[in-house]
Amino acid sequence: MKMEEKIKRLIIDALAKSHGIKEDELNEVGLELSRNSNNEHGDFSSNIALKLGSKLKGPPMTIAEEIVSSLGALVELERAEFVKPGFINFYLFGEKKYSILETILNQGSEFGSSCATEKKKVLLEFVSANPTGPLHVGHGRHAAFGDSLARLLRKAGHEVFTEYYLNDAGRQIDILCISVMFEMLRAEGLKLNDIAGLYKGTYIKEIAQGLIDESFKINKKVLLPEASASADELIDALILEMKDVAGSKLFQKISDKAVLQMTELLKDDLSDFRVNQDGYYSEKSLFSKGKIEEACEIIKKNGNAYEKDGALWLESSKYGDDKDRVVIREDGRSTYFASDIAYHHDKKMRGFDLLINVLGSDHHGYVSRLEAGLVSTGNKASDLDVILMQFVTLYRGKKKIQMSTRSGNFVPMRDLYSEVGVDAARFFYVSRSHDQHLDFDLDLATKQNNNNPVYYIQYANARIKSVLKENKKRGYVFDECLGKTNLMKLDLAIEKEIISLLGKYPETILKSSEARAVNKIANYLKSLAQLFHSYYGSTKIVSEDEEIRNARIILLICVSTIIEDGLDILGVSSPTKM
RNA sequence: GCGCCCGUAGCUCAACUGGAUAGAGCAUCAGCCUUCUAAGCUGAGGGUUAUAGGUUCGAGUCCUAUCGGGCGCGCCA
């Protein structure tokens, strides 16, 4: 039994004895026991007396006193005491605390793993940006967060499959296609005015040039539509015109090529950022495999769809959405929502218990629709966990950089991580909570990269490696056995603090994975690094006393193990030298 | 107008999901390298947690209103 469980048992028995409270009654109130990293309140503490105050109609201090006097004994427990408002603090015998170091030493990077009580099969979808341009700094946040969350959930013991949903069908792909065709025509000498809404940028030109090199040719007789129409109408007219001029076969070929190349570009942007998703799921394949019709049949069969104005509607308002939504348009084409219903149903059919979607916060209005889609295909709304990512605002110094994908005026994520480094960029992205806006100052990140907290943590680890080297250099051989038998000589206040914090690693993994809060790992590592630096500054590790020396080295190895493991979750490297 | 998210030190952010004296970094000031990496350490100043109520043993955290910022309300994706 874990220490927590043993102490909880002790409290339960004491309450039965002192106040005649049964276990079920206690469950209503909720028995909490927290592990303290702050040593002045003992190793564990409970607020149960405070919580019972109103129920028992007595002052919490008295209740706490009565509980403490009824407490049984435990071999590991040195003493229990009640303090000020009514907390009960538990103090363990010294030796017991040190055993955590041996555990870390034995388990290595497995320490804290598989702590989740209910292990799930998770499909984690993130980034999923349209393949119409390079990924920008906003996507970078999704990439860093999503990938780290995957690592964190795996660490906690879940089975995770990461996926990128590729929107390779629909209007935006047509626009990509005609954008490429425009550049092909230009490359062949045709003078064409810019049209608002088309994708621009060197990547479009490169794709166009590539197609020309493969001797793709377009009939030059393009009739530009009247400019008087609205931007959207103009584009629609242009798509029709281009399909007509090129012929649907060639149009399709160019479109496929463009998507393929864009996808490669996206994959490269991600992979150089140490993000490699397990799968890319094609929206187009939903059509070719008949998944959309299949989904429509299911929602009809379940009585969740109806026809109106020639369109097929999902009765999503039954399941928490503001209104019903069109699934199949009047003209027979399916909507984007139809694809999503089919896609999410398919995720469930592939056997995943939990679907996690990392979406931009601008999609929050879409969440209830997705849930309604799941329910109407016979799944549960709670199968889906949407994480809304707040925006990244980019600054150069004090100047805000406005971003827009369409106008081509955006900063690619590649530029960002080439400039500040993958380690710093990934750490910075995930060190803020996902529901918090993120201000990213490029000037600050480049100029002051020495002040970035990621270096602070990496430096702590490099220092440890250096101490271990120094130990050898002085002719000492690390004696694990001797160290282990002298762990209780680590009795400095700072050493005890470090040991307590190390002991909190598993619950940090558990809590941050449950809250999908990767930033908690970053914060934990900052605290650990801070304690270590302070320890290092005040204490000589490579001591002449071999008992203390070897015990301290064990402590350092443990700190290093946790830092490396934690940084790995964040996708950050652990250099041994800096 | 309706809905969702957010307001914490001058700036950027924490605070173990309701706990004990609200903490770091940057910036400012004062110290520390003939001890293992100074990308470091030690100390100082800086707060009515946007505002006003409420809930209870206890509120930055929960509920209500107000103010301020972001986003969303398509047979677009």
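U17(B) and U12(B) have their C1' atoms separated by 23 Å, with the value rounded to a whole Å. Here, G47(B) and C36(B) have their P atoms 39 Å apart, quoted to the whole Å. Taking atom P on both G18(B) and A30(B), the two are 44 Å apart, rounded to the nearest angstrom. For the C1' atom pair drawn from G60(B) and A50(B), the interatomic distance equals 12 Å after rounding to whole Å. If you take atom C1' in U28(B) and the same atom in A9(B), they sit 13 Å apart, rounded to whole Å. One C1' atom belongs to C5(B), the other to C57(B), and the distance between them is 32 Å to the nearest Å. Between the C1' atoms of G68(B) and U56(B), the separation comes to 30 Å (whole Å). Going from the P atom of C6(B) to that of U61(B) covers 13 Å, rounded to whole Å.
Under 3.5 Å, the side chains of Tyr91(A) and Glu81(A) contain a donor-acceptor pair of N or O atoms. Arg329(A) and Ser334(A) form no side-chain donor-acceptor contact under 3.5 Å, judged by distance and modelled atom types alone. Counting only N and O atoms by type, the side chains of Ser376(A) and Asn304(A) include no donor and acceptor under 3.5 Å apart. Residues Asp423(A) and Ser573(A) have side chains that bring a donor and an acceptor to within less than 3.5 angstrom of each other.
Pair check for U21(B) finds none; no Watson-Crick or G-U wobble contact set falls under 3.5 Å. When both pairing distances are held under 3.5 Å, A59(B) makes no Watson-Crick or G-U pair with any nucleotide shown. A 3.5 Å limit on both hydrogen-bonding distances identifies G10(B) as the Watson-Crick or G-U partner of C26(B). The partner of C41(B), taking Watson-Crick or G-U wobble pairs whose two distances both stay under 3.5 Å, is G31(B). The partner of C75(B) cannot be assigned: no Watson-Crick or G-U wobble pair with both contacts below 3.5 Å exists in any strand.
Counting atom types as modelled, His363(A) pairs no side-chain N or O with a base atom of G72(B) as donor and acceptor under 3.5 Å. At a cut-off of 3.5 angstrom, the base of A15(B) holds no donor-acceptor pair with the side chain of Asn519(A). In this model, no side-chain donor or acceptor of Lys469(A) finds a partner on the base of C36(B) within 3.5 Å. Judged by atom type and distance alone, Ser45(A) reaches the base of A20(B) through a side-chain donor-acceptor pair under 3.5 Å. Between the side chain of Asp362(A) and the base of G72(B), no donor-acceptor pair under 3.5 Å is found. Scanning atom types as modelled, one donor and one acceptor separated by under 3.5 angstrom connect the side chain of His364(A) and the base of C71(B).
Contacts of Gln530(A) with the nucleic acid, taken as non-hydrogen atoms under 4.0 Å apart, involve only primed sugar atoms and P, OP1 or OP2. Here Asp340(A) lies out of heavy-atom contact (under 4.0 Å) with every strand. Asn47(A) comes within 4.0 angstrom of a base, heavy atoms only. Heavy atoms of Arg333(A) sit nowhere under 4.0 angstrom from any nucleic acid atom. When heavy atoms are screened at a 4.0 angstrom cut-off, Asn130(A) is found touching the sugar-phosphate backbone but no base atom. Backbone-only contact: Ser534(A) has heavy atoms under 4.0 Å from sugar-phosphate atoms and none from a base. Residue Tyr536(A) is in base contact, counting any heavy-atom pair closer than 4.0 Å across all strands shown. Heavy atoms of Thr576(A) sit under 4.0 angstrom from at least one base atom. When heavy atoms are screened at a 4.0 angstrom cut-off, Val367(A) is found touching no nucleic acid atom at all. Among the protein residues, Ala49(A) comes within range of no part of the nucleic acid, since none of its heavy atoms lies under 4.0 Å from any strand. Among the protein residues, Ala462(A) comes within range of the nucleic acid bases, having at least one heavy atom under 4.0 Å from a base atom.
Between Lys472(A) and C36(B) there is no side-chain N or O to OP1 or OP2 distance below 4.0 Å. Between Arg463(A) and the phosphate of A38(B), there is a side-chain N or O to OP1/OP2 separation shorter than 4.0 Å. Listed pair Tyr456(A) / C41(B) meets the phosphate criterion, a side-chain N or O lying under 4.0 Å from OP1 or OP2. For G74(B), one of the phosphate oxygens OP1 or OP2 lies less than 4.0 angstrom from a side-chain nitrogen or oxygen of Lys323(A). The phosphate of U17(B) has OP1 or OP2 within less than 4.0 Å of a side-chain N or O from Lys511(A). In this model, the phosphate group of A39(B) is approached by a side-chain N or O of Tyr459(A) to a distance below 4.0 Å at OP1 or OP2. The phosphate of C73(B) (OP1 or OP2) has no side-chain N or O of Arg325(A) nearer than 4.0 angstrom. Proximity of Thr393(A) to the phosphate of G70(B): no side-chain N or O atom is located under 4.0 Å from OP1 or OP2.
Close placement of the Phe145(A) and His434(A) rings is indicated, their centers lying within 6.0 Å of each other.
Just one of Arg325(A), Lys318(A), Lys323(A) meets the side-chain hydrogen bond (donor to acceptor under 3.5 Å, both in side chains) condition when paired with Asp321(A); it is Arg325(A). The side-chain contact (heavy atoms from CB on, under 4.5 Å) with Ile88(A) is formed by just one residue from the set Val83(A), Ile67(A), Ile63(A); it is Ile67(A).
Taking atom CZ of residue Arg329(A) and atom C1' of nucleotide C75(B), one finds them 6 Å apart after rounding to whole Å.
The side chain of Lys520(A) lies closest to A15(B), out of G19(B), U12(B), A15(B). Side-chain proximity of Arg171(A) to A77(B), C75(B), C16(B): nearest is A77(B). Between C13(B), G19(B), C75(B), one nucleotide has an atom nearer to the side chain of Ala311(A) than all others, and that is C75(B). The side chain of Ala515(A) has U17(B) as its nearest neighbour among C5(B), U17(B), G19(B). If you check U17(B), U37(B), C41(B) against the side chain of His533(A), the one that comes closest is C41(B). For Asp309(A), the listed nucleotide lying nearest its side chain is C75(B); candidates were C75(B), U35(B), G19(B). Here the side chain of Arg432(A) is nearest to one of C57(B), A77(B), U12(B), namely U12(B). The side chain of Thr335(A) lies closest to A77(B), out of C16(B), G19(B), A77(B). Minimum atom distance to the side chain of Gln436(A) is reached by G7(B), of the listed A77(B), G7(B), U35(B).
Base orientation of C33(B): syn, the glycosidic angle falling within 90° of 0. The glycosidic torsion of U17(B) lies within 90° of 0, placing the base in the syn range.
Note on ring orientation: taking the six-membered ring where Trp is involved, the planes of Tyr281(A) and Tyr343(A) are tilted (angle from 30° to 60°).
Remark: ring of Phe391(A) does not overlap the six-membered base ring of G70(B) in a stacked fashion, as centroids less than 5.5 Å apart with planes less than 30° apart are not both met.
In plain terms, the two heavy atoms of Asp479(A) and Asn550(A) that are nearest each other are N-OD1, 2.8 Å.
The backbone N or O of Glu547(A) sits less than 3.5 Å from a side-chain atom of Asp545(A), completing a donor-acceptor pair.
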